[in-house]
Protein chains: 2
Amino acid sequence: MKNTGSPTLEDVAEAAGVSTATISRALNDPDKVAKETRERIQKAVDRLGYTPNFGGRVLASNRTNTVGAIIPSMANAMFASGLQAFQEVLAESGVTLLVASSGYDTEHEFRQIRSLMTHGADGLLLIGDERPQKTKDFLALRKIPYVISWCYRNTPDGLYVGFDNEKAAYKLTNRVLEFGHRDIAMIAGISKGNDRARNRIEGVSRAVRENTDGARLTKIVEARYRLENGAEAFDEIMSASDLPTAIICGNDVLAAGAIVRARKKGARVPDDVSITGFDDIGLASVVEPGLTTVRVPQIEMGQEAARQLLRLLSNQPATSSIEIETELVMRDSLAAPKALAV
Amino acid sequence: MKNTGSPTLEDVAEAAGVSTATISRALNDPDKVAKETRERIQKAVDRLGYTPNFGGRVLASNRTNTVGAIIPSMANAMFASGLQAFQEVLAESGVTLLVASSGYDTEHEFRQIRSLMTHGADGLLLIGDERPQKTKDFLALRKIPYVISWCYRNTPDGLYVGFDNEKAAYKLTNRVLEFGHRDIAMIAGISKGNDRARNRIEGVSRAVRENTDGARLTKIVEARYRLENGAEAFDEIMSASDLPTAIICGNDVLAAGAIVRARKKGARVPDDVSITGFDDIGLASVVEPGLTTVRVPQIEMGQEAARQLLRLLSNQPATSSIEIETELVMRDSLAAPKALAV
DNA sequence: GACATTAATGTAAGCGCTTGCATGAATCAA
DNA sequence: TTGATTCATGCAAGCGCTTACATTAATGTC
């Protein structure tokens, strides 16, 4: 893994007949160099295919213009478009994004944080706020600027750009209750080490608990983020003796898996059972019936997270956390339970 | 964007009472350091929250253990899981992945390649093989090790780990023809600057052309990678006077968009019109009717690409390109045209 | 014309790390 | 005992870059 042979500043300097300092200035602060010299330098740069050596630059300037993001998984549509938006905003400011994934494992996340710091990240984007004390200590010890996204807390410590998972789940559940459902099951994401999944469970639970008309949770099944897992969880719920009239799912993938399985088993959605999702990814509008779900404005969230992080990095006036609002998207997978509908 | 205050090797050296050289060795080549010393060093490292400075390390060792990947878009399910697999294999070898996206723009891709080189990428993963000469020259000039994925060419130059888009589309189209379809339309991805999209068009065209029983392409519409675009393209095709009995789509997203629109307009799939996809992402099994499509083994492809790249980087015996086989997945969106079915 | 000011460029130190070589201590062979 | 070998560690150069400071040339002021 040698990079031998890469042209260096010195090579360019020689080729252009000036000192390395002038080259450096021409590249970083063009105004300081005479136009004529600048053009000569540009030619030499192009001819040699020169790109500045990151190591040298970092070492000398102590700046990397790089931020890192650690997402639970790249293979999750939920993060993809937000991250894409995050990157685009960073790129506008000449900041490069390094992406790593934690596999929903907080221990692994810790390692990735260290790795990204090693690789010169000036700041970080983290997803969710559940992580071991060790990780928090490290972030504090090293005074790493970071923003937390995909969740929201109204606390003075930490900069959040995201939405309140508990509140959104609560709102959705109340809507389900308004339709007349009283026996409700939930297919949740794995809550261990995942505050978003847990908060969604909590939101559903609270809405059910606060209902004064006999609403109850028949069952909560946790499932990994795959269609099959949603399908299996559906089976588990529907093979119990205590059947729900509505199943609230922790995300759209699980909901879609459940709907497809329902269809395969001859259960009609929403006539026999209503199913709701969360996130409003593409899947939600494609599945039949269309999935009633919670729209998360991922692009807005990613963009705003990038802006806040850039702010932190440039020591601009501190901003406080930003709550992104979610929105209920009504499609056809939620309807009044049959008994009432008749 | 200052990193001031980060502990350095020297800080650790002082804390542990040894020289910087010993620390460096303890971290990179533990066997060379006495166990007792090593433990003392580890304690100091933990206490200070030390992470090696990437710049210094790169500068001194000329090795970065970092590779870059430039994908057209992160918000595209098609690349997500392959990339995730790619990253996981790299991680096993202690190699970090930097991800950038080109927005399907070859000019932008060039800039990202330069950026990744600047950031110390030892090697690259590139998607597809269509790029301007300028980019190819740069890659050659700088002797950058790279592998090209998501496509396959049987040429001696360049290391490909991917599948043959043309062949896969050809196979799929022949299957459609076998069902008796003769009037075929295509909703393709944008072919400009995108060899995968173009090759799929070519595969479809060739199969139709080679058919000796009057098969023809009624229309080819190119559309961006979004559900709505698939829907709009469907409208465009079905509003012409010359109607197809089957629509072959360049990817699953377009196909799903078309199916949903067909449903909304009361056209039955596959009775009125058959629709096929490409990629076999989650969407394909969720949409109703299930999408007949081409399965691309993304995970396998990503893993293999990572292995080949690691190989290139360690100067191991050169390997040649690897063709990943695709597979037709028959679901319900393809059937014989009604006229024949009766 | 003498001096001050400005603009363009050069000089050289030093960022944090790795590594070839040197050193010293401990162990071994004869 | 003594020279050879091994092991653990230190010394110091240098990776490619930025930047404070020095230098030189050009221009302006009175």
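For the numbers below, each heavy atom of this structure counts, side chains included, while hydrogens, waters and symmetry mates do not. Just so it is clear, the model here is predicted, and its values are computed rather than measured. Just so it is clear: chains get the letters A, B, ... in the order the sequence lines come, proteins before strands, and each one is counted from 1.
Along DNA chain D, the nucleotide closest to Thr20(B) and the one closest to Leu59(A) are compared, and the more 5′ of them pairs with Thr20(B).
Among the heavy atoms of the strands lying under 4.0 Å from Ala34(B) are primed sugar atoms or P, OP1, OP2 only; no base atom is included. Contact annotation for Val58(A): no contact, since no heavy-atom pair falls under 4.0 Å across all strands. Across all strands shown, Ser24(A) has heavy atoms under 4.0 Å from base atoms, whether or not it also approaches the sugar-phosphate.
Ring planes of Tyr104(A) and Phe79(A): tilted class, angle from 30 to 60°.
The separation between Arg25(A) atom CZ and dA8(C) atom C1' is 8 Å, rounded to whole Å. One interatomic measurement links the two molecules: CD1 of Ile41(B) to P of dT18(C), which rounds to 12 Å at whole-angstrom precision. Atom-to-atom, CG of Leu27(B) to P of dT9(D) comes out at 14 Å; the value is rounded to the nearest Å. Taking atom NZ of Lys32(B) as the reference point, atom C1' of dT19(C) lies 8 Å away to the nearest angstrom.
Of the side-chain N and O atoms in Thr37(A), one or more sit less than 4.0 angstrom from OP1 or OP2 of dT9(C). Within the structure, every side-chain polar atom (N or O) of Thr8(B) is placed at least 4.0 Å from both OP1 and OP2 of dG16(C). In terms of phosphate contacts, Asn28(B) brings a side-chain nitrogen or oxygen within less than 4.0 Å of OP1 or OP2 of dT18(C). Between Ser19(B) and dT9(D) there is no side-chain polar atom (N or O) within less than 4.0 angstrom of OP1 or OP2. Residue Arg57(B) places no side-chain N or O under 4.0 Å from the OP1 or OP2 atom of dG16(C).
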Test side chain to side chain contact (heavy atoms under 4.5 Å, CB included) applied to Leu126(A) and Glu109(A), step by step: CA-CA 9 Å; Leu126(A) 300 175; Glu109(A) 186 198 37; 4.0 Å; yes
Worked check of side chain to side chain contact (heavy atoms under 4.5 Å, CB included) between Val67(A) and Leu309(A): CA-CA 9 Å; Val67(A) 310; Leu309(A) 187 52; 4.0 Å; yes
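With no hydrogens or angles considered, a side-chain donor-acceptor pair links Ser101(A) and Gln87(B) at under 3.5 Å.
Listed candidates were dT9(D), dT18(D), dC17(C). Nearest to the side chain of Ala60(A) is dT18(D).
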